[in-house]
There are 2 protein chains.
Amino acid sequence: MFETVEIKEVKSEIGALVKALRKQRGHSQSQLAKSLGVSRTSIQNLELGKNFTIDTLLKVLKEMQVLEQLQGELIRTKAHVLNSKSLY
Amino acid sequence: MFETVEIKEVKSEIGALVKALRKQRGHSQSQLAKSLGVSRTSIQNLELGKNFTIDTLLKVLKEMQVLEQLQGELIRTKAHVLNSKSLY
DNA sequence: ATAATTTGACCATTATAATAGTCAATATAG
DNA sequence: CTATATTGACTATTATAATGGTCAAATTAT
């Protein structure tokens, strides 16, 4: 047990999710970049699992209308953290 | 409807979550920074809702052993995206 | 209460993400 | 098949995140 998840792997999965969201909406990297006011290189790096800033990611998620969901997850996760007794 | 969530707000919530996780484990910013091999300033900026890189965030989440959960969410979300018919 | 620790707010420097551009390889459309 | 659009892979430059340091204010421990 305690399977280790690599950071690199998670970044790639974030990239794959962004690409899936973008494709589903029928946009090219250029179209998306333009509507967010960022460079296509930023979208490309995000999708290819390179390093990127939280701003770039959140801009995409807002455009894709999944920012609310992320916020919900954050609030739930934090509540869960605060309610569970510390084991540390 | 279509309540707008601000990026700034979400960054602050991520910061609050990280701070809650850290406090629960009884670590100082300095301790956490050292164990991740990043500067305290990076932890501080993350917690205060400034901009930061995905690497910094994922390092923290890995240390806090919540990276698996995030990965699970990503996979579920992507599956949901791919299974739902496009409205676009 | 006071001593010790932690945190937020700086600053200067370094590392690197973001930008704008090009081009060949793929993919998509006609 | 041919034309068009898109993507991945570069490069050079600029903007900014990360670093390492200090210090006063706030918090926590004694």
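The chains referred to below are lettered A, B, ... by the order of the sequence lines, with proteins before strands, and numbering in each begins at 1. What you see is a predicted model, and the numbers here were worked out from it, not measured in a lab.
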Legend entry - 5' priority, DNA chain D, between B/Lys23 and B/Ile54 [closest heavy atom]: B/Ile54
Legend entry - Between C/dT19 (P) and A/Asn45 (CG): distance, integer Å: 10 Å
Inset, instruction - Please tell me which of the listed nucleotides, D/dG8, C/dA18, D/dT19, lies nearest to the side chain of B/Val38? - result: D/dT19
Legend entry - Nearest-nucleotide comparison on DNA chain C, the residue closer to the 5′ end among B/Thr53 and B/Lys50: B/Lys50
Legend entry - N/O (side chain, A/Lys11) to phosphate O (OP1/OP2, C/dA17) under 4.0 Å: no
Legend entry - Nearest-angstrom distance from the residue atom CD of B/Gln31 to P of C/dT6: 6 Å
Legend entry - Below 4.0 Å: OP1/OP2 of C/dA17 and any side-chain N or O of A/Ser42: no
Inset, instruction - Using only side-chain N and O atoms of A/Thr41, determine if any of them is under 4.0 Å from OP1 or OP2 of C/dA17. - result: no
Legend entry - Whole-Å gap separating P (D/dT19) and NZ (B/Lys34): 15 Å
Inset, instruction - Give the rounded distance in Å between these two atoms: CD of B/Gln29 and P of D/dT28. - result: 13 Å
Legend entry - For atom CZ of A/Phe52 and atom C1' of C/dA18, their distance in whole Å: 14 Å
Inset, instruction - May I ask you to verify if any side-chain N or O of B/Arg22 is less than 4.0 angstrom from the OP1 or OP2 atom of C/dT7? - result: yes
Inset, instruction - Could you tell me the separation between the CD atom of B/Gln44 and the P atom of C/dG8, rounded to a whole number of Å? - result: 6 Å
Legend entry - Residue pair A/Gln44, A/Lys50: steps toward the side-chain contact (heavy atoms from CB on, under 4.5 Å) verdict: CA-CA 9 Å; A/Gln44 200 179 181; A/Lys50 307 287 182 65; over 6 Å; no
Legend entry - Separation between OG1 of B/Thr56 and CG of B/Asn45, rounded to the nearest 0.5 Å: 9.0 Å
Legend entry - Closest listed nucleotide, where the reference is the side chain of B/Asn51 and the choices are C/dT7, D/dA18, D/dA17: D/dA17
Inset, instruction - Take A/Glu6 and B/Lys62 through the test salt bridge (charged side-chain N to carboxylate O under 4.0 Å, His left out) and record every step on the way to the result. - result: CA-CA 8 Å; A/Glu6 294 302 329; B/Lys62 184 174 184 180; 3.7 Å; yes
Legend entry - Any N/O donor-acceptor pair, B/Arg40 side-chain to C/dG8 base, under 3.5 Å: yes
Inset, instruction - Starting at atom CD of B/Glu47, determine the distance to atom P of C/dT6, rounded to an integer number of angstrom. - result: 13 Å
Legend entry - Minimum side-chain heavy-atom gap B/Phe52-A/Thr53 below 4.5 Å: no
Inset, instruction - Run the salt-bridge test on B/Glu47 and B/Arg22 with the 4.0 Å N-O cut-off and return the result as yes or no. - result: yes
Legend entry - Interatomic distance, A/Ile43 CD1 vs D/dG8 P [rounded to whole Å]: 12 Å
